[in-house]
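Just so you know, these numbers use all the heavy atoms, side chains as well, and skip hydrogens, waters and symmetry mates.
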Amino acid sequence: MKELQTAGYFFDLAIENFKSGDFQLAIDAFNQSLLRKEDWKAYQGLGSALCSVEQYQPAIAAFNQSLVLKEHWQSYKGLGWALYFTQQYQKAIEVFQKSLALKEHWQSYQGLGWALHFTQQYQKAIEVFQKSLVLKEHWQSYQGLGWALLNVKQYQQAIDAFNKSLLRKEDWKTYQGLGSALNNAKQYPNAIHALVRAWKMNKDKELLKQILDLIGKTYPSDYSFLLELLRFPKTKPDLRQERRFYLDKIKEVLETGYINPLIIWSYAANKKMNISEINASYNDQISKVVSRANNTNLIGDELLKSTKSKHIVSFGDSHGMIFSNHKFIKHFPLKAPTMYKINNTNSSSGSHDKIIEILANYKPQDTSIILTLGEIDLRNHVHKQSRIQNRLPELIVNDIADNYIEFLDKLRLHGYNLLVNNPHCGGGDGKASVPLEERNDMCLYMNSVLLEKCRDRNITCTSLYDIVVDPITRKNRECFYFDEHHLHLPINKIGKSLQSILISRFLNQYDLVNEFKIHNDRINAICNILISDIPGWLSIDFFLTDSFVREAKLIEDNNRYFQLIELPFPLLIKEISLHFESKEIKAYPSSSCYGIYESCDPILPPEKNIFQGISKVNIDENYQNIKIEHDFSGYHFNNMHARYIFISISNTEGTRLTKIGVSRLRYSVSN
């Protein structure tokens with residue numbers, strides 16, 4: 001073994017670790033190689049690995065040592081980036097120029113452009129970013145070009161550059177730059193929504209202040225009243241006259257049928273900056289959620305026997321790697337495939353053609369195919385197209401599912417047996433301008449649609465969604481995740497268990513129909529209380545739908561009380577139910593519930609966005625429990641959904657409001 005531990009052996013080991021993303025192991029191996037023999041390539045590799053773990057000063061030393069031994073363009077490029085990240089911009093400019101003198105490369109131009117930008121040489125930066133883009137259209141080059149154009153007041157060109165960057169990748173700094181350019185171009189509503197998306201990805205107080213100032217400037221009449229209403233001190237219920245004034249004002253607004261949802265959003269965003277995400281009083285309720293028990297024991301060849309196959313091949317996005325390292329499954333990774341375009345022979349990923357090409361080596365009657373797609377659609381495509389088309393995300397999901405099913409039908413007609421691994425989540429935090437909870441909720445809907453379509457075709461279809469996503473918070477259960485949105489792989493114990501669960505579900509044709517209800521499902525989720533003066537509800541910031549609120553107190557008068565609630569994700573409301581308790585009722589409580597809706601394209605304000613439910617009172621035989629249902633099922637939308645609920649109650653002396661329930665509509669509207 002000693003003869004293998006040469007400089008070359010450790011160099012090859014370092015390269016292997018670097019390519020697999022194990023940068024610290026790569027650093028150790030490069031150092032071992034250099035102990036045995038100094039080599040410019042090893043120093044260059046060491047510098048790159050050190051940059052990857054943000055150890056920039058040691059990286060600078062490594063690149064410099066590499067350049068002593070040999071002047072190479074890649075060493076200059078790496079050194080330039082290390083200097084850039086340590087804010088040594090002038091030195092970085094000089095080094096990038098040396099790299100470009102040896103070889104023109106888009107990354108060197110990109111680095112030079114950013115260094116010029118931060119030394120306020122904006123016109124030169126514009127020229128350099130454009131050279132980088134000629135060689136490769138990269139999102140960060142478009143982003144840099146946008147910022148440089150913004151600084152020379154070429155606002156429309158900056159807007160175009162930022163939009164091109166966002167087509168390739170969402171990034172909060174790009175949205176921030178786009179918002180600033182739109183603001184300067186006096187496109188104020190568009191600017192607000194670009195900045196809102198930036199804030200959702202990076203909750204910065206200064207960015208929120210910029211948004212609030214712009215909202216106040218753009219919508220002064222709405223802003224002044226509604227913001228004062230939202231700032232009403234809910235902790236001072238004794239200020240009855242003041243409360244009466246605001247109740248009368250909001251009643252006037254409700255009767256107009258329109259409230260600017262941006263004002264409510266701004267208050268909710270500001271409130272979230274100052275409180276914890278989930279009130280501690282609900283942690284115990286959340287922790288009591290019991291995950292479905294799963295069989296993790298699996299005989300290796302059992303799936304082959306049950307499918308009567310000689311071969312099992314797997315295709316998918318990066319999440320398909322869950323089937324790697326399995327003796328009886330051959331996994332073929334695809335390059336960023338989507339459900340939406342998998343049936344398109346001209347898709348940019350080329351995934352359709354690659355699958356067909358590989359399957360040419362397998363006889364259909366002997367082969368089962370596992371397909372893992374959908375996470376990229378949920379993270380990027382669904383809500384983006386919802387905004388562009390101004391259609392409900394559900395309708396976009398239906399389009400995606402139809403395209404995917406066409407591809408599955410094509411494979412079935414050739415005689416292949418299909419096993420569909422539905423997405424387990426909608427992506428990680430920080431990857432998109434749509435909150436994770438919203439994307440995970442849409443993942444649930446996508447799985448329900450695919451489950452129904454696959455069942456109609458006798459295709460085995462399952463998912464790990466119910467295991468790896470919390471059913472109440474709609475957040476990822478982090479213990480199952482290797483990074484923000486990828487599960488642990490079979491190289492460790494958790495990954496092996498998850499792989500085993502998936503395969504056992506294929507074997508048992510595990511049906512998630514009870515998990516994935518398509519129509520009219522009652523949501524069990526955390527809602528935010530934005531404002532309230534209902535006794536017992538003043539001191540809490542969150543509540544769990546359909547769950548008893550311990551803080552609820554007896555109401556001692558018949559005055560009107562109100563509450564403004566933020567839903568955990570936008571939805572079509574079917575029903576809102578208010579539950580009261582009373583031992584003796586002189587008169588039935590009165591209540592009104594309003595859904596506050598917004599367009600899927602938030603730039604397009606509807607003429608009417610406030611809709612009232614039709615109420616119905618139910619009382620038990622002992623007059624101890626009163627349930628008032630507010631029905632919204634008569635409203636039909638294909639381009640609006642509700643984010644907020646306004647509740648007003650009166651004539652409630654001697655009762656207490658104990659819980660609030662919400663159910664949703666799940667339906668598609670074609671016109």
* Asked: Do L567 and Y644 come close enough that some side-chain heavy atom pair is under 4.5 Å?
  -> no
* Taking side-chain contact (heavy atoms from CB on, under 4.5 Å) as the test, write out the residues that go with D22, two or more places apart. => N17, S20, L25
* To do: Would you please indicate yes or no on a ring centroid separation below 6.0 angstrom for F611 and Y594?
  => no
* Would you please indicate if the ring centroids of H117 and Y122 are separated by under 6.0 Å? => yes
* Structure fact -> With sequence neighbours left out, the residues meeting salt bridge (Lys or Arg N to Asp or Glu O under 4.0 Å) with R197 are none
* Who pairs with N346 by side-chain hydrogen bond (donor to acceptor under 3.5 Å, both in side chains), at least two apart in sequence or on another chain? -> none
* Asked: With Y155, which residues qualify under side-chain contact (heavy atoms from CB on, under 4.5 Å), at least two apart?
  -> L150, K153, N184, A185
* Pairs in or reaching into residues 68-86: which pass salt bridge (charged side-chain N to carboxylate O under 4.0 Å, His left out), with residues at least two apart or in two chains? -> none
* Asked: Side chains of F569 and R664: closer than 4.5 Å at any heavy-atom pair?
  -> yes
* Identify, with sequence neighbours excluded, every residue that meets salt bridge (Lys or Arg N to Asp or Glu O under 4.0 Å) alongside D601. => none
* Asked: Between the side chains of D541 and N528, does any donor sit under 3.5 Å from an acceptor?
  -> no
* To do: Please name the residue in the list H193, E170, K200 that meets the side-chain hydrogen bond (donor to acceptor under 3.5 Å, both in side chains) test with Y175.
  => E170
* To do: Only counting residues at least two apart or in another chain, list the ones meeting side-chain contact (heavy atoms from CB on, under 4.5 Å) with P606.
  => Y258, S599, N609, M640
* Asked: Does a side-chain N-to-carboxylate-O contact under 4.0 Å join K209 and D213?
  -> yes
* Structure fact -> Sequence neighbours excluded, the answer for side-chain hydrogen bond (donor to acceptor under 3.5 Å, both in side chains) partners of S351 is S349
* V397 vs Q385, side-chain contact (heavy atoms from CB on, under 4.5 Å): CA-CA, chis, key distance, verdict -> CA-CA 10 Å; V397 167; Q385 289 301 316; over 6 Å; no
Tabulate below the donor-acceptor pairs under 3.5 Å that side-chain atoms of residues 49-65 make, not counting sequence neighbours, or state none.
unit_1: S52; atom_1: OG; unit_2: S48; atom_2: O; d: 3.0
unit_1: N64; atom_1: ND2; unit_2: I60; atom_2: O; d: 3.2

* Looking at residues at least two apart in the chain, or sitting in another chain, which of them share a side-chain contact (heavy atoms from CB on, under 4.5 Å) with K173? -> Q143, D171
* May I ask you to say whether R391 pairs ionically with D399, meaning some side-chain N is under 4.0 Å from a carboxylate O? => yes
For residues 90-98, run the donor-acceptor check on the side chains, cut-off 3.5 Å, and write out each pair with its distance to 0.1 Å, sequence neighbours left out.
none

* Decide whether H105 and S99 meet the rule of one side-chain donor and one side-chain acceptor closer than 3.5 Å. => no
* Asked: In this structure, which one of W172, Y142, W147 forms a ring pair (Phe, Tyr, Trp, His ring centres under 6.0 Å) with F162?
  -> W147
* **Pair H381 + Y340: ring centers closer than 6.0 Å** => yes
* Run the numbers on Y84 and W81 for ring-ring contact (aromatic ring centres under 6.0 Å, His included), then give the verdict. => CA-CA 5 Å; Y84 168 81; W81 279 109; 5.5 Å; yes
* **With sequence neighbours excluded, residues passing side-chain hydrogen bond (donor to acceptor under 3.5 Å, both in side chains) with H352** => K410
* Are D441 and R474 within salt-bridge range, i.e. N to O under 4.0 Å? -> yes
* **Salt-bridge present (R643, E438; N to O < 4.0 Å)** => yes
